[in-house]
*Asks:* 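Provided herewith is a single structure, encoded as structure tokens, for subsequent inquiry.
Note on naming: letters A, B, ... go to the chains in the order of the sequence lines (proteins, then strands), and numbering restarts at 1 for each one. Quick caveat, the model's predicted, so the values are computed rather than measured.
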Protein chains: 2
Amino acid sequence: MTETVSTSTQNLSASSRAPLRGQTVIEQIKAYILRHRLAPGDPLPTESALCEELGASRSSVREAIKTLSALDIVEVRHGHGTYVGRLSMAALVEGLVFRAQLSSQDDFAVLGELIGVRQLLEQGFAGPILAAFDDELRAALDAQVEEMRRRTDLGEPFVEADRAFHLLLIQPLRNDLVSQLTAAFWDVHAVVAPMLSTSLEHARETVDAHAGIVTAAANGDEAAFVRAIETHYAPVREQLDYHLRQS
Amino acid sequence: MTETVSTSTQNLSASSRAPLRGQTVIEQIKAYILRHRLAPGDPLPTESALCEELGASRSSVREAIKTLSALDIVEVRHGHGTYVGRLSMAALVEGLVFRAQLSSQDDFAVLGELIGVRQLLEQGFAGPILAAFDDELRAALDAQVEEMRRRTDLGEPFVEADRAFHLLLIQPLRNDLVSQLTAAFWDVHAVVAPMLSTSLEHARETVDAHAGIVTAAANGDEAAFVRAIETHYAPVREQLDYHLRQS
DNA sequence: GGCCATTTGTCCGTATGTATA
DNA sequence: TTATACATACGGACAAATGGC
């Protein structure tokens, strides 16, 4: 039976070392998902079933699943089962956050580079964004700005509204990758930025900047739109420079 | 002796569920790296040492290390030891490649979105790139184009030179994050693109496109530079559309 | 509520492979 | 070659979480 062609012994042919067990199990599980054409959320065999099917011990299978879980290729629910993951950017976020934490002890280099990328994503797609801009989107963006202003007056943070705003802005592109990258970079920013001191003054500036972005987009003025994005990120840059000068 | 208290019962104190062992070990190892201000390449304690220090079993520590290894936060060298990882984009690449493989059975949506992002990164930074463009960079880029042309005449692929070209192009930005993202997206592209058929004709077009990019940059003509980038990615888009129409 | 089967989480002991000295 | 230190892999046992009866 079986033709589990398996792999192992024969592919180290020449000189190089044989691939480690855990690595081959990872590939086998990925191949299983592809072969069965599974989609995110679909159930995978249980650990013991995978052990039989792949001819590996439970430890090896578990460690392989751990790796795939970190990449969000699989998702594990304790006491329930293992499923195909959502293939999100969670790994990117976790990695970048750790990088930022590691570098923040000296400087905020990662945060500065992050702002550059975030700004580029929104400025670079200015054309397509304005082309697809309509009243519905404008209303949705206005609602988020309103929410931000309301919370600022209450002295509360407005993380949710800010995240929603930036996601709405690039949504008309209908590019999942860009949307997910935008969300991922925002998430990293949200974790890292609080390491800088922030003021109420700064919060009001930021809210106004968001309003300015909507206005420029509504007017279909691409140059103004790009400038508004620039203005939006400027305060963060200033705080960053200020912080760097102090150290 | 003992006080291995073992765990379990007491730490689910209040209402929400206690974090799982593996998860806390992951955080502990990350905290260890931050606390000791370790840099990529620095050695970590051995598995058994970590077991003692963290009060967890080998399995838990190993599985935690597996997760951190997938994120390139730690790097394991068999029979040698565990070290702080290079914090690369390896996880992003692996995740995106799998996404593309999963979607390629139906369409090449991920590849299309990928091209959009790659193009944006280079077009969006046109200003700073041209501002920092000098003879040295031009010579380096010309060398890569020359290498590509030579290989094409020999009927060989020119992956290395192509990768080097695009990395050189955004190098003057001195933004590590952008450079690594560019490299990561290129890597994904290189794995996914071969699923499309490619011709010698296409290869020559691509080489010429690279030469056009250099010329535009050397002339300091930003508009031409942006058009050249557009031209460079156009053939891939066409192939993509062609492939989609056939299915 | 309790009980039970299933599944993942954790631990231990041991043996093997790998790299350095 | 031998010895040592280390990561890799295995198998079994028990704990914890989930869902259904």
*Asks:* Using the benzene-type ring in the case of Trp, are the ring centres of B:H189 and B:F185 under 6.0 Å apart?
*Replies:*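 Centroid separation for B:H189 and B:F185: 6.0 Å or greater.
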*Asks:* Write out a two-atom table: protein N or O, nucleotide N or O from nucleotides 4-7 of chain D, distance below 3.5 Å.
*Replies:*
| residue | atom | partner | partner atom | Å |
| --- | --- | --- | --- | --- |
| D:dA7 | OP1 | B:T82 | OG1 | 3.2 |
| D:dA7 | OP2 | B:E47 | N | 3.1 |
| D:dA7 | O4' | B:G79 | N | 3.3 |

*Asks:* If I take atom OH in residue A:Y83 and atom C1' in nucleotide C:dT6, what distance separates them, rounded to the nearest angstrom?
*Replies:* 11 Å
*Asks:* With sequence neighbours left out, write down each residue that passes salt bridge (Lys or Arg N to Asp or Glu O under 4.0 Å) with B:E27, or none if nothing qualifies.
*Replies:* B:K30
*Asks:* Residues in side chain to side chain contact (heavy atoms under 4.5 Å, CB included) with B:E156, at least two apart?
*Replies:*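 By the side chain to side chain contact (heavy atoms under 4.5 Å, CB included) rule, B:E156 matches B:R151, B:L154.
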*Asks:* Examine D:dA13: is either OP1 or OP2 under 4.0 Å from a nitrogen or oxygen in the side chain of A:R58? Give yes or no.
*Replies:* no
*Asks:* In terms of the nearest nucleotide of DNA chain C, which residue is placed more toward the 5' end: A:L20 or B:Q23?
*Replies:*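 Mapping each residue to its closest nucleotide by heavy atoms, the 5'-most match is B:Q23.
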*Asks:* Over all strands shown, is A:S59 touching base, sugar-phosphate only, or nothing at heavy-atom distances under 4.0 angstrom?
*Replies:* base
*Asks:* List in chain and number order the residues that pass salt bridge (Lys or Arg N to Asp or Glu O under 4.0 Å) with A:D176, two or more places apart in sequence or in another chain; answer none if no residue qualifies.
*Replies:* none
*Asks:* Tell me the ring-ring contact (aromatic ring centres under 6.0 Å, His included) pairs involving residues 96-122 of chain B, sequence neighbours left out?
*Replies:* B:F108-B:H243
*Asks:* The criterion is salt bridge (Lys or Arg N to Asp or Glu O under 4.0 Å); which residues satisfy it with B:D187, sequence neighbours excluded?
*Replies:*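 Expected list: B:R163.
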*Asks:* D:dG11 P sits how many Å from A:E52 CD, rounded?
*Replies:*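 Taking atom P of D:dG11 as the reference, CD of A:E52 is at 12 Å.
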*Asks:* Excluding sequence neighbours, so at least two apart, what forms ring pair (Phe, Tyr, Trp, His ring centres under 6.0 Å) with B:H80?
*Replies:* B:Y83
*Asks:* List the residues meeting salt bridge (Lys or Arg N to Asp or Glu O under 4.0 Å) with B:E63, not counting sequence neighbours, and say none if there are none.
*Replies:* A:R62
*Asks:* Using heavy atoms and a sub-4.0 Å distance, could you list which residues of residues 63-73 of chain B are near DNA chain D? By number, please.
*Replies:* none
